[in-house]
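Worksheet: one structure, shown below.
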Amino acid sequence: MKKLFFIISLILFNLNQAKTINDSLFIPNNFHDEILCNECDACGCAAGNGSSGFESLLNPQFIGIKYFAQHYKAKENLFVNDLTQDQYFNTIQLWAKIPLTQKLGVYASLPFHFHEKKTLQGDISINGIGDFNLMGIYKLINSKDNTHELNGGVGVKVPLGKFDKKGISGVNPSFQLGTGSWDYQAVLNYRFQKNKLAVLLNTDYTLKTENKKHYQFGNQWNYSVTGFYQILSNDRIIFSGKAGFQGEVYDRNNQFDEVLPNTAGSALYGKLGFETSFKKLSLGTELMLPTYTNLAGGDIEAKSRFSLFLNFGI
């Protein structure tokens with residue numbers, strides 16, 4: 001079975017790297033301990049807390065590794081209307097969820113980014129450690145029959161990733177390893193479950209502050225609706241699927257307290273994914289495709305996102 005997990009992981013990774021094209025799903029007999037945390041922003045993982053989509057971290061506690069890929073098209077030449085520049089944002093991150101009490105848990109992630117964009121002057125690539133995310137989640141409501149559950153949380157992003165001031169001069173200022181700023185997040189998610197079906201509603205807001213280079217990325221609001229269904233379950237293996245959509249809204253960036261044009265935007269993605277688990281191991285993947293995209297005044301177009309993770313229960 002472990003060999004099967006390894007083979008599936010290799011196949012999915014090779015087929016869905018960002019150059020060829022952001023959630024976990026584990027559905028036990030009862031859905032519980034669901035935490036939603038975002039990892040990478042639109043127009044790139046580094047410039048805030050954008051998303052592979054919200055992550056459904058349903059295991060009571062785990063450590064794991066995740067690969068997340070994003071593809072965008074950008075307008076390289078200001079005098080041409082065509083979106084000709086391919087931009088690929090790739091992230092490998094370590095993440096963990098650890099419960100402190102029955103109602104309180106801690107989520108943390110540390111990403112490593114390797115991004116690339118293709119320009120008329122040649123390919124440009126950056127790579128390195130990203131910003132560290134830390135969040136506390138508290139279970140606000142949990143019905144006696146476990147049908148309804150409401151979780152809330154707050155978090156902080158520590159600016160470990162490098163912010164390059166030269167990078168903000170391009171079409172996509174989010175082509176960075178980090179924001180260079182301390183950013184703060186509030187999250188709320190509601191879960192309804194009935195037998196093998198569940199529906200998850202999520203929303204979060206990220207407040208981004210000014211960094212030492214006097215640049216401030218715009219605040220961000222994410223929301224999503226996801227349906228879950230347990231397809232197969234026995235004593236050895238659980239296989240679950242999910243489908244839904246996710247929306248993202250971005251405020252304008254600021255520099256020296258001046259609002260920058262063509263830096264706001266929004267996007268809406270449809271998503272489809274699965275997770276399979278065996279003993280303490282769980283393997284999952286998700287594909288996201290845009291149904292609507294209006295980023296940077298139309299100068300950037302979202303194309304696709306893909307994520308793959310492997311978690312180990314502790």
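For reference, positions follow the sequence shown, starting with 1.
Screening residues 169-182 for salt bridge (Lys or Arg N to Asp or Glu O under 4.0 Å), with sequence neighbours left out, gives no hits. Each salt bridge (Lys or Arg N to Asp or Glu O under 4.0 Å) pair with one or both residues in residues 83-93, not counting sequence neighbours, appears once here: K73-D86.
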**Study point:** From CA spacing to verdict: ring pair (Phe, Tyr, Trp, His ring centres under 6.0 Å), W221, Y250
**Key:** CA-CA 7 Å; W221 174 48; Y250 307 89; over 10 Å; no
**Study point:** Step-by-step side-chain contact (heavy atoms from CB on, under 4.5 Å) determination, I98 to F62
**Key:** CA-CA 7 Å; I98 302 173; F62 75 94; over 6 Å; no
Practice item. Apply the test salt bridge (Lys or Arg N to Asp or Glu O under 4.0 Å) to residues E301 and K75: give CA-CA distance (whole Å), side-chain angles for both, the deciding distance (0.1 Å), then the verdict. Key: CA-CA 9 Å; E301 179 183 1; K75 184 184 296 184; over 6 Å; no
**Study point:** side-chain contact (heavy atoms from CB on, under 4.5 Å) between T226 and V199, intermediate numbers included
**Key:** CA-CA 6 Å; T226 309; V199 176; over 6 Å; no
Review point. Given the rule in the side-chain contact (heavy atoms from CB on, under 4.5 Å) test, do F228 and L197 qualify, once you have shown the distances and angles that lead to the verdict?
Key: CA-CA 6 Å; F228 301 83; L197 281 171; over 6 Å; no
Check your understanding: Can W95 and Y107 be said to form a side-chain contact (heavy atoms from CB on, under 4.5 Å), step by step?
Key -> CA-CA 8 Å; W95 61 354; Y107 165 82; 3.6 Å; yes
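With hydrogens and angles left out, the side-chain atoms of N219 and R252 include no donor and acceptor closer than 3.5 Å. T91 and H113 share a donor-acceptor pair across their side chains, judged by distance under 3.5 Å alone. Remark: the Y67 side chain and the N90 side chain contain an N/O donor-acceptor pair separated by less than 3.5 Å. In the model, Q220 has a side-chain atom that pairs as donor or acceptor with a side-chain atom of N222 under 3.5 Å.
Rounded to the nearest 0.5 angstrom, S307 OG and Q93 CD are separated by 9.5 Å. To the nearest 0.5 Å, atom CG of residue L200 and atom CG of residue N189 are 5.5 Å apart. For the atom pair Q193 CD and N146 CG, the distance stands at 5.5 Å (nearest 0.5 Å). Between atom OH of residue Y223 and atom CG of residue L201 there is a gap of 13.0 Å, rounded to the nearest 0.5 Å. Going from atom CZ of F312 over to atom NZ of K279 covers 11.0 Å, rounded to the nearest 0.5 Å. The structure places NZ of K303 at 7.0 Å from NE2 of H71, a figure rounded to the nearest 0.5 Å.
Note on I137: it does not cluster hydrophobically with V154, by side-chain heavy-atom contacts below 4.5 Å among ILVMFWY residues. Hydrophobic clustering (ILVMFWY, side-chain heavy atoms < 4.5 Å, transitive): L104 and L188 are in one cluster. Both L281 and I63 are members of a single hydrophobic cluster when ILVMFWY side chains are connected at heavy-atom separations under 4.5 Å. Note on L110: it clusters hydrophobically with V156, by side-chain heavy-atom contacts below 4.5 Å among ILVMFWY residues. L295 and V259 end up in different hydrophobic clusters when Ile, Leu, Val, Met, Phe, Trp and Tyr side chains are linked at under 4.5 Å.
With hydrogens and angles ignored, the 3.5 Å screen pairs no side-chain donor or acceptor of S233 with any backbone N or O of I238. Side-chain atoms of T291 do not come within 3.5 Å of backbone N or O of G270 as any donor-acceptor pair. Checking side-chain atoms of T263 against main-chain N and O of L260 turns up a donor-acceptor pair under 3.5 Å. Side chain of Q61 to main chain of P99: no donor-acceptor pair is present (N/O by atom type, distance under 3.5 Å, no hydrogens or angles).
Looking at N253 and P173, their side chains come closer than 4.5 Å, going by heavy atoms from C-beta outward. Under the 4.5 Å side-chain criterion, counting only non-hydrogen atoms from C-beta, T285 is in contact with F306. K271 places a side-chain heavy atom less than 4.5 Å from the side chain of Q246. Contact annotation: the side chain of Q255 approaches that of I168 to within less than 4.5 Å [non-hydrogen atoms, C-beta and beyond]. For the pair M135 and Q185, the minimum side-chain heavy-atom distance is below 4.5 Å. F309 is not listed as a side-chain neighbour of L283, based on a closest heavy-atom distance of 4.5 Å or more. Contact annotation: the side chain of N127 approaches that of F112 to within less than 4.5 Å [non-hydrogen atoms, C-beta and beyond]. Using a 4.5 Å cut-off on side-chain heavy atoms (C-beta onward), K97 and V106 make no contact.
Between K157 and the options N133, T179, T209, a side chain to side chain donor-acceptor pair (under 3.5 Å) holds for only T179.
Take D123 and apply the side-chain hydrogen bond (donor to acceptor under 3.5 Å, both in side chains) test, not counting sequence neighbours, and it matches K118. Among residues two or more places apart in sequence or in another chain, the side-chain hydrogen bond (donor to acceptor under 3.5 Å, both in side chains) test is passed with T147 by D145. Listed by chain and residue number, Y292 satisfy the side chain to side chain contact (heavy atoms under 4.5 Å, CB included) test with N294 (two or more places apart in sequence, or in another chain). With sequence neighbours excluded, the residues satisfying side-chain hydrogen bond (donor to acceptor under 3.5 Å, both in side chains) with Q85 are Q87. D164 meets the side chain to side chain contact (heavy atoms under 4.5 Å, CB included) test with K166, Q176; sequence neighbours excluded. In this structure, the side chain to side chain contact (heavy atoms under 4.5 Å, CB included) partners of D82, at least two apart in sequence or on a different chain, are V80, T84. For N211, the side chain to side chain contact (heavy atoms under 4.5 Å, CB included) partners two or more places apart in sequence, or in a different chain, are F163, S181, K213, Y215. Listed by chain and number, the residues in a side-chain hydrogen bond (donor to acceptor under 3.5 Å, both in side chains) with Y138 amount to none (sequence neighbours excluded). Under the rule for a ring-ring contact (aromatic ring centres under 6.0 Å, His included), W182 has no partner lying at least two apart in sequence or in another chain. Remark: F239 engages F274 in a ring-ring contact (aromatic ring centres under 6.0 Å, His included) (not counting sequence neighbours).
The minimum heavy-atom distance linking A74 with V171 is given by the pair CB-CG1, 4.2 Å. The two residues Y269 and P290 make their nearest non-hydrogen contact at CD2-N, 3.8 Å.
Cation-pi geometry between K117 and F175 is met: under 6.0 angstrom from the ring centre, within 45 degrees of the axis.
For an aromatic pair to be called close, the ring centres must be under 6.0 Å apart, and F89 with Y72 satisfies this. Taking the six-membered ring wherever Trp is involved, the centroid distance between the rings of H115 and Y88 does not fall below 6.0 Å.
With respect to K208 and D183, no salt bridge is recorded, no charged nitrogen being found less than 4.0 Å from a carboxylate O. With salt bridges taken as basic N to acidic carboxylate O contacts below 4.0 Å, one links R305 and E248.
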